[in-house]
Amino acid sequence: MIKEELNEVPKKPGCYQMYNSDNIIIYVGKAKNLFNRLHSYFTGRVTGKTKKMVSEISYFKYIVTDSETEAFVLELNLIKKYDPKYNILLRDDKSYPYIEFTNEKYPRLIVKREINANKKNSNYFGPYPNQTAARKLVNLLNRLYPLKKCDSMPKKVCLYYHIGECLGYCEKKDIDISKIKNEILSILNGNDKLLIQKINEKIKINSDNLNFEICSELMQELEYIKQVFSTQNVELNDNSNKDIFNYYYDKSYVSIVVMFIRNGKLVGINNKIIPVINELNDTLEYYIVSFYRKSNLLPKEIIVPNNLNLSLLNEVLDAKVISVSRGDKKRLFDMAYNNAKLSYEKEIKLIYSNEELTTIANNELKELLNLDKLNVIEAFDNSNLFGTFSVSGMVCFIDGVPSKKNYRKFKLSFDKNDDVASMKEVIYRRYFRVLKDNLIKPDLIIVDGGINQINACKSVLNDLNLDIKVIGVKKDNHHTPEAVVDGDTYLTINIDKKSNVFRLLSRIDEEVHRFTINYHKEIRSKGSISSALDNISGLGDIRKKKLIKKYGSINKIKSASIDELSEIIPYQVAENIHSYFENIDKANK
């Protein structure tokens, strides 16, 4: 059937979609020549992940476009819409922290991951290697400069004003901060000499005032800053922002490195090893474009290998994309290649080993349960505390690997210790939604428990007219899986604790338990906070939610000053909170 359809494919650019037997799109690709590309999957020699994908293809469709660029844009949109599982393997999900110098009369410094990558905003600086590095710099700049610290504008000056880290913008009006702003922008743009100078000035002031503890802290910050700058010894003379991509490819896997050059200095490096399912060039082009679509700002210049389609990348990214052949840029480009090769050699054995174990374990479980296919597993767990704060969690494993974007939390509609009722509610809510939104159905459902939980699950599935395999997992005294109960035959199948199946089931069990318990703690914490605030005058539901959102725990609310609390609630209510907890503490002594 497929071979007959291949002969009808035109030799034109376009976008193609691969479907499995459940009519689910498992892969989307683009091609300059649809005929050649689709033939390469079914008549050529394929290996690795490509071979596995082809084995799952039931049929394909395609859309002809006027150009390869148009096909690429369509591919990106279809991937975003359908989220096919084999495209997920190629996607870089990492977004980096940036520092925002807010565009306000009295600006603040904020660390942000989620930013509008297409927004041309000169007040974003980064990316930084990690959240810790960005926060350390923000905290240091807030100590060195008396910036506004509060999210809103309170009525009175707070502690920051009294310790000299704020100019009291809430009470003082029309403060000229142009010099402060210019210096901070200079530092964020890479002026490390100015930053070191400001730290030394602050150390001298505190030393003269005998504040030796603060001096010690600033000395540590100074050493950290010097160490950071010493690692940025790769410099370009043009002081511009660039990202440099290079790769190392071998045996159907590609190691991709991106180096971040900011103001002429190397500030960070990212590496990822991914399988090549399509043509290598297409994989690299898709990776680069998706890298910026995630929330990473486009720099002034992007340097890529010369075998890629530069005009296509320029048009799709709307950025300056070039290749290089000599000079300092070429030296950095070669450095990126060396890093990509080293990462590949270091990690590829572990990748192959994990892949082999995962594939073997998944296949063994499929054979154990007599399933035709086993791609998607969904596992459930319930949690409550003496019948209160009842929740359930669901984790999803695709081909034996956790798919965290598919995890789901359920706050149950009742508070009582009833595992069967909990199971019925969560299964109904999950799979009614699957039917309603036409989501991917799992090949296997795992419940924590025996026949009662299985029957609860199956009764709901029958009502929804769904035929999905269900098993229960029995635990030993150490809470580790020792057997599975087949939901069709109700036979108990013991598991060899040295087997790959045991390792897979243990991993799923640990993951769903961890996920559910963490959600239960989160709900319980919020419930406890809310209950503790019930008796305070002036606190309604809306104000309680604001406090819970900002502070997250009773101890943090108790530790907050009246001025800090008054930033989000009226001052009188903040005083009531302070008095309430003071009286409780006195009563407990």
Side-chain angles (χ1 to χ4, degrees), residues 365-366 368-371 374-397 403 406-477 479-495 501 504-520 523-524:
L365 182 59
K366 180 183 76 172
L368 184 70
L369 300 174
N370 295 315
L371 292 170
L374 181 57
N375 296 324
V376 181
I377 299 172
E378 292 182 352
F380 295 84
D381 193 16
N382 302 319
S383 180
N384 64 69
L385 180 66
F386 306 118
T388 61
F389 306 116
S390 297
V391 300
S392 288
M394 183 204 86
V395 300
C396 176
F397 277 58
S403 177
N406 291 314
Y407 287 14
R408 295 293 181 267
K409 300 173 182 176
F410 303 89
K411 189 174 187 307
L412 300 182
S413 61
F414 58 86
D415 279 337
K416 58 181 179 179
N417 192 1
D418 190 334
D419 281 343
V420 170
S422 298
M423 185 61 64
K424 283 186 174 181
E425 178 176 335
V426 72
I427 295 296
Y428 177 80
R429 286 170 58 183
R430 169 59 182 166
Y431 296 107
F432 176 79
R433 180 72 180 273
V434 167
L435 288 172
K436 179 175 176 289
D437 295 344
N438 195 28
L439 303 177
I440 295 174
K441 296 189 290 290
D443 304 302
L444 176 67
I445 295 172
I446 300 178
V447 298
D448 184 24
I451 293 174
N452 289 338
Q453 283 79 5
I454 290 173
N455 284 337
C457 177
K458 290 187 67 175
S459 68
V460 174
L461 294 176
N462 289 336
D463 290 341
L464 295 173
N465 200 28
L466 284 172
D467 183 19
I468 303 173
K469 181 77 173 184
V470 181
I471 64 169
V473 176
K474 284 189 171 183
K475 316 282 182 58
D476 60 19
N477 294 333
H479 204 72
T480 57
E482 64 175 358
V484 297
V485 180
D486 191 308
D488 295 332
T489 64
Y490 295 106
L491 292 175
T492 298
I493 307 169
N494 292 322
I495 305 168
V501 169
L504 176 59
L505 289 176
S506 294
R507 188 181 183 193
I508 294 172
D509 178 67
E510 288 168 5
E511 184 69 358
V512 70
H513 184 69
R514 177 200 62 79
F515 182 68
T516 307
I517 287 296
N518 285 346
Y519 179 48
H520 182 251
I523 292 292
R524 195 172 71 218

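Atoms considered below: every heavy atom in the structure, side chains included; atoms not considered: hydrogens, waters and symmetry mates.
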Margin query: If you count heavy atoms of other groups shown closer than 6.0 angstrom to CG of Asn465, is the number above 12?
Written below: no

TODO: Count the heavy atoms belonging to other residues, nucleotides or ligands that lie under 6.0 Å from CG of Asp437, then report whether that count exceeds 12.
DONE: yes

Applying ring-ring contact (aromatic ring centres under 6.0 Å, His included) to Tyr407 and not counting sequence neighbours gives Phe515

Side-chain touch [X]/[Y], heavy atoms, less than 4.5 angstrom:
X	Y	answer
Arg433	Arg408	no
Val426	Phe380	yes
Phe410	Arg430	yes
Leu365	Ile377	yes
Asp486	Lys469	yes
Val485	Ile454	yes
Ile471	Ile493	no
Ile468	Glu378	no

So side-chain hydrogen bond (donor to acceptor under 3.5 Å, both in side chains) across residues 452-462, not counting sequence neighbours, yields Asn455-Tyr490

Enter the distance from [X]:[atom1] to [Y]:[atom2] here, rounded to the nearest 0.5 Å.
X	Y	atom1	atom2	answer
Thr480	Glu510	OG1	CD	9.0 Å
Leu444	Ile508	CG	CD1	7.5 Å
Tyr431	Ile445	OH	CD1	3.5 Å
Asp488	Asn370	CG	CG	9.5 Å
Lys424	Asp463	NZ	CG	8.5 Å
Ile440	Asn406	CD1	CG	7.5 Å

ask   = Would you call Lys366 and Asp443 a salt bridge, taking side-chain N to carboxylate O under 4.0 Å as the test?
value = no

Self-check item: Carboxylate-amine/guanidinium contact Glu511 Arg514, below 4.0 Å
Solution: yes

If you look at every heavy atom in [X] and [Y], which pair is closest and at what distance?
X	Y	result
Ala379	Val512	O-CG2, 3.4 Å
Val376	Cys396	CG1-SG, 3.9 Å
Lys475	Asp448	NZ-OD1, 2.9 Å
Ile517	Ser383	CD1-OG, 3.6 Å

- Message: Working note: Ile427 + Leu464, criterion side-chain contact (heavy atoms from CB on, under 4.5 Å); need CA distance, chi angles, decisive distance, verdict.
- Response: CA-CA 10 Å; Ile427 295 296; Leu464 295 173; 5.8 Å; no

